[in-house]
Amino acid sequence: MSICQSYSSGARHDKIIPVEVVINGISLSYTDSGKPDAPAVVFIHGFPFDHTMWREQVALCEPSYRVITYDQRGHGKSGAGDGHYLFEFFIDDLFALLDHLKVPKAILCGLSMGGYTALRAIERAPERIQALILCDTRSEPDSNEAKIKRAANLRTIQKDGVPVFAESFLKAIFTPTSFSAKPDVVDQIRKTIVATSPQGLKGTLIALATRTDTTPFLSKIHVPTLIMVGDQDAVTPPAAAEGLHQGIGGSRLTVIPQAGHMSNLENSSAFNKALLSFLSSH
């Protein structure tokens, strides 16, 4: 039976009440659903979103997998702490959460910043990763241009506030078509960004600029890996996904048509088809 036969929307996941646990000195919000004894799939959101961006994918996977989502520090219902952290702290949080949930090995699915987290996690502890699903992400650290852009975003939040930052950010991550064809999806992400604490946003922008380069490790990744990217992604373009594909031996690359940086939301049918095909084959 196909995994997607039971659920076609995120309705069930909406009813899951997130749980909070203190991890590395901050309150981390997470959900844990699906089949408790099945392989664990951990969905890791990007910046500046939260776990709700994965609603549909979670509902699709629940019948056959243990499904875990969480709000990375500074996002959603998780605490931002003092806002002073490097990117390594995000990986510390992931492993501490897996330890708390008694998950020795997991399939990681991360989009954008979530992909950065997944790549650094497998570099640090490859024995804990069963498979990788890397969406609209890259392995290279921030270029000088990217660091300057993060500084500009931080200034916007400081001077103009989160709503102004959100409108600018939305134009970068969604295709122009999505604004007219999927206004509800765009509005969902808008509300998520605006609800994020300024301290969490600013702390994460600084942390993102401290990412290490995971490119040299790509050739050492030997777990099943699916790479997905929107064909119109302007943030982490298909060329970046091709670089991951060339670096990770035996990886599978799927370009999602009619999608920008938010490929799981802009063309969920194509994204879900590739996701479920990969999971069922491994």
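Numbers for residues simply follow the sequence, beginning at 1. Keep in mind it's a predicted model, so treat the numbers as computed, not measured. We use all heavy atoms of the structure for the numbers below, so side chains are in, but hydrogens, waters and symmetry mates are not.
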Going by the salt bridge (charged side-chain N to carboxylate O under 4.0 Å, His left out) test, which pairs reach into residues 151-167, not counting sequence neighbours?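 Listed by first then second residue: E167-R190.
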Residues pairing under salt bridge (charged side-chain N to carboxylate O under 4.0 Å, His left out) where one sits in residues 21-40, two or more places apart or in two chains, turn out to be D32-R66
Can you tell me if CG on N144 sees more than 12 non-hydrogen neighbours from other groups inside 6.0 Å? no
Do other residues, nucleotides or ligands put more than 12 heavy atoms under 6.0 Å from the CD atom of E145? no
How close do [X] and [Y] get, heavy atom to heavy atom, and via which atoms?
X: G76; Y: D71; result: CA-OD2, 3.4 Å
X: S64; Y: A38; result: O-CB, 3.4 Å
X: N264; Y: Q57; result: ND2-OE1, 3.1 Å
X: L253; Y: A241; result: CD1-CB, 3.9 Å
X: A209; Y: K147; result: O-CE, 3.7 Å
X: M53; Y: G46; result: SD-N, 3.8 Å

Separation of [Y] [atom2] from [X] [atom1] (nearest 0.5 Å):
X: F49; Y: I189; atom1: CZ; atom2: CD1; result: 5.5 Å
X: S168; Y: I193; atom1: OG; atom2: CD1; result: 10.0 Å
X: E140; Y: T212; atom1: CD; atom2: OG1; result: 12.0 Å
X: I68; Y: H51; atom1: CD1; atom2: NE2; result: 13.0 Å
X: M113; Y: R211; atom1: CE; atom2: CZ; result: 10.5 Å
X: H245; Y: L226; atom1: NE2; atom2: CG; result: 10.5 Å

Is a salt bridge present between E123 and K220, judged by a nitrogen-to-oxygen distance below 4.0 Å?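 The answer is no: the pair does not qualify as a salt bridge.
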Kindly indicate, with the supporting measurements, whether the criterion side chain to side chain contact (heavy atoms under 4.5 Å, CB included) is fulfilled by F174 and V185. CA-CA 10 Å; F174 284 107; V185 170; 3.9 Å; yes
Residue list, salt bridge (Lys or Arg N to Asp or Glu O under 4.0 Å) with D99, at least two apart or on another chain: R128
K191: salt bridge (Lys or Arg N to Asp or Glu O under 4.0 Å) partners, not counting sequence neighbours: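 Listed in chain order: D187.
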Min side-chain heavy-atom separation [X]-[Y] under 4.5 Å:
X: C61; Y: L275; answer: yes
X: Q130; Y: V223; answer: no
X: I157; Y: L205; answer: yes
X: L279; Y: I133; answer: yes
X: S139; Y: L244; answer: yes
X: T175; Y: Q258; answer: no
X: P257; Y: N267; answer: yes
X: I221; Y: L119; answer: yes

Main-chain N/O of S78 paired with S29 side-chain donor or acceptor, under 3.5 Å: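 Not a single qualifying donor-acceptor pair exists.
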Would you say S277's side chain and K273's backbone share a donor-acceptor pair under 3.5 angstrom? no
So if I apply the side chain to side chain contact (heavy atoms under 4.5 Å, CB included) rule between F87 and each of I206, T204, D142, L208, which one comes out positive?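 Among I206, T204, D142, L208, the one that satisfies the side chain to side chain contact (heavy atoms under 4.5 Å, CB included) with F87 is L208.
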Checking side chain to side chain contact (heavy atoms under 4.5 Å, CB included) for the pair E56/L60: CA distance, chi angles, key distance, verdict? CA-CA 6 Å; E56 187 170 338; L60 287 169; 4.3 Å; yes
Single-linkage hydrophobic cluster, 4.5 Å side-chain cutoff, [X] and [Y] together:
X: V22; Y: L101; result: no
X: V162; Y: V164; result: no
X: I173; Y: V194; result: no

Could you give me the CA-CA distance, side-chain angles and deciding distance for M262 and V235, then say whether side chain to side chain contact (heavy atoms under 4.5 Å, CB included) is met? CA-CA 10 Å; M262 305 300 294; V235 180; over 6 Å; no
Run through Y85, Y116, F95 and flag the one making a ring-ring contact (aromatic ring centres under 6.0 Å, His included) with F90. Y85
Once you measure the plane-to-plane angle for F169 and F47, does it fall in the parallel (<30°), tilted (30-60°) or perpendicular (>60°) bin? perpendicular
May I ask you to decide if the ring planes of Y30 and H100 are parallel, tilted or perpendicular, using 30° and 60° as cut-offs?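 Answer is perpendicular, since the angle exceeds 60°.
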Run L134 and I248 through side chain to side chain contact (heavy atoms under 4.5 Å, CB included) and show every step you take. CA-CA 11 Å; L134 304 171; I248 303 174; 4.0 Å; yes
Only counting residues at least two apart or in another chain, list the ones meeting ring-ring contact (aromatic ring centres under 6.0 Å, His included) with H45. H75
Could you pull out all residues at least two apart from F271 that satisfy ring-ring contact (aromatic ring centres under 6.0 Å, His included)?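 ring-ring contact (aromatic ring centres under 6.0 Å, His included) list for F271, sorted by chain: empty.
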Could you walk me through whether T236 and T137 pass side chain to side chain donor-acceptor pair (under 3.5 Å), step by step? CA-CA 6 Å; T236 51; T137 192; over 6 Å; no
